[in-house]
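Read through the structure below, which is laid out as structure tokens, and then see the notes.
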Amino acid sequence: MHSSNKASVDSPVWRLVQALQTLVTPDGNTAAIDGWFENVRPLTAREKELIALSAANTDEAKVKAMMGVTHWIDDLPFEAAITRQASQPTVNIEGLVAGYTGPGGKTILPGRAAAKLDLRLVPNQTRAEAERKLRAHLDAHGFPDVEMKVTGGYDPTEVAENARLIRAQKEAYAAMGVKANLFPRLAGSWPGAVFTAPPVSIPATQFGIGHGSGAHAPDEYFVIDSTNPKVAGMSRASLGFVELMYQLAGTS
């Protein structure tokens, strides 16, 4: 439709932008979905202790350089920033597309706008709860016309620090001469709850050595043949899992 009709016709793009603005605080950094924090479990004293140890043993400047950032939200100190990462559920816009974005102008009134979001959860939230609350929030704030399509997701994953698998991992790292920090929560996502939640209810976690970066980017990489003896390549990384199985067999 020609943009001259904007004086009398609603814009799907502005509707979507306005709906998205209700999901977060004005700075975009804290979720504002109705009831979003209702079931969020606060960090325990031990989890806070692990975060403090991780902050003390991590080079903040290198982390910032790797991420290409100069500061954290609200200029928080490093420990506070990673505490927030471990404790706060998020509302993120992965993509936002509408109308014409090529060179020059194009006097149109787009008929459709789309945003792709990811909502990262923490214990004790659930995927079903998140879906329900997001839909209810949009409806309550006057956006029943904004369609919501859920394409995937899962519940948060949590494993006890003293689980046999975790203890075996720590022993494996020590045997390989790798200094490893134990962090209470990983900000990344994976369907670990398939294993850790009832009815299966077994420990599940992530493990490995080597080096890679650039997750989901066109230049994502993992080192195959390492020229640095301190960095494992694919062969040593594979042997790391053999070490884990050996340690697991000897852990009661």
Side-chain angles (χ1 to χ4, degrees), residues 20-58 60 63 67 69 72-94 115-138 140 148 150-163 165-166 169 180-208 215-216:
L20 293 172
Q21 285 178 326
T22 71
L23 303 182
V24 292
T25 51
D27 61 5
N29 292 331
T30 303
I33 298 170
D34 299 337
W36 200 243
F37 289 84
E38 182 180 17
N39 294 319
V40 170
R41 178 177 67 72
L43 294 172
T44 65
R46 174 56 177 164
E47 287 170 336
K48 292 178 181 178
E49 179 184 6
L50 289 172
I51 291 171
L53 288 171
S54 181
N57 288 285
T58 303
E60 179 184 6
V63 174
M67 297 176 68
V69 301
W72 308 116
I73 284 176
D74 297 330
D75 292 317
L76 292 172
F78 187 46
E79 183 178 331
I82 61 175
T83 297
R84 182 183 173 89
Q85 186 179 43
S87 62
Q88 296 290 303
T90 62
V91 176
N92 175 55
I93 300 176
E94 295 178 356
K116 190 174 285 286
L117 310 181
D118 68 60
L119 313 174
R120 294 184 181 267
L121 310 179
V122 298
N124 294 321
Q125 294 177 296
T126 66
R127 169 186 169 168
E129 171 198 0
E131 292 180 24
R132 184 178 67 254
K133 287 182 176 178
L134 177 58
R135 181 70 267 172
H137 174 94
L138 290 170
M148 190 177 98
V150 180
T151 58
Y154 23 79
D155 293 346
T157 299
E158 195 166 37
V159 176
E161 179 183 352
N162 63 353
L165 178 61
I166 302 299
Q169 287 182 332
N181 296 322
L182 195 62
F183 199 75
R185 292 179 185 165
L186 177 70
S189 58
W190 68 299
V194 171
F195 305 100
T196 59
V200 181
S201 302
I202 61 174
T205 182
Q206 299 186 32
F207 173 86
H216 309 320

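Along the sequence shown, the residues carry numbers beginning at 1. Heavy atoms only: backbone and side chains are in, while hydrogens, waters and symmetry mates are out.
To the nearest 0.5 angstrom, N39 atom CG is 5.0 Å from K133 atom NZ. Of the inter-residue distances, the one linking L43 atom CG with T83 atom OG1 reads 7.0 Å to the nearest 0.5 angstrom. Taking CG of L50 as the start and CZ of R185 as the end, the distance is 11.5 Å to the nearest 0.5 Å. The CZ atom of R120 sits 9.5 Å away from atom CD of Q85, with the distance rounded to the nearest 0.5 Å. Between the CE atom in M148 and the CG atom in L134 there is a gap of 4.5 Å [rounded to 0.5 Å]. Here CZ of R41 is found 4.5 Å from CD of E158. Values are rounded to the nearest 0.5 Å.
Considering every non-hydrogen atom in both A86 and I51, the closest pair reads CB-CD1, 3.8 Å. Contact record, F37 with Q88: CE2-OE1, 3.4 Å, taken as the closest heavy-atom pair. Nearest approach of T205 to W190, heavy atoms of both residues: N-CH2, 3.6 Å. Scanning all heavy atoms of the two residues, the minimum distance from I33 to H137 falls at CA-ND1, 3.6 Å. Looking at every heavy atom in both residues, T157 comes nearest to A204 through CG2-O, 4.3 Å. When all heavy atoms of L165 and P203 are compared, the closest pair comes out as CD2-O, 3.8 Å.
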Next on the checklist: Under the criterion side chain to side chain contact (heavy atoms under 4.5 Å, CB included), I'd like the reasoning laid out for N29 against R84: C-alpha separation, chi angles, the key distance, then a yes or no.
Outcome noted: CA-CA 11 Å; N29 292 331; R84 182 183 173 89; 3.8 Å; yes
Next on the checklist: Quick one, V91 with L20, criterion side chain to side chain contact (heavy atoms under 4.5 Å, CB included). Give me CA distance, side-chain angles, the key distance, then yes/no.
Outcome noted: CA-CA 10 Å; V91 176; L20 293 172; over 6 Å; no
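Side-chain contact check for I82 versus V63: every heavy-atom pair is 4.5 Å or farther apart. Within the 4.5 Å cutoff, the side chain of T30 has no heavy atoms near those of the I73 side chain. With contacts defined as side-chain heavy-atom distances shorter than 4.5 Å, the pair F195/V159 does not qualify. Side-chain contact check for T196 versus D155: every heavy-atom pair is 4.5 Å or farther apart. For the pair L121/W36, a side-chain contact is recorded, criterion being any heavy-atom separation below 4.5 Å from C-beta on.
Using modelled atom types, no side-chain atom of K116 and backbone atom of E94 make a donor-acceptor pair closer than 3.5 Å. Judged purely by atom type and a 3.5 angstrom limit, E79 has no side-chain atom pairing as donor or acceptor with the backbone of A56.
Side-chain contact, N92 with D118: a donor N or O sits under 3.5 Å from an acceptor N or O.
Taking 4.0 Å as the cut-off between side-chain N and carboxylate O, E131 and R127 count as a salt-bridged pair. The pair R132-E129 does not meet the salt-bridge criterion, since no charged nitrogen lies less than 4.0 angstrom from a carboxylate oxygen.
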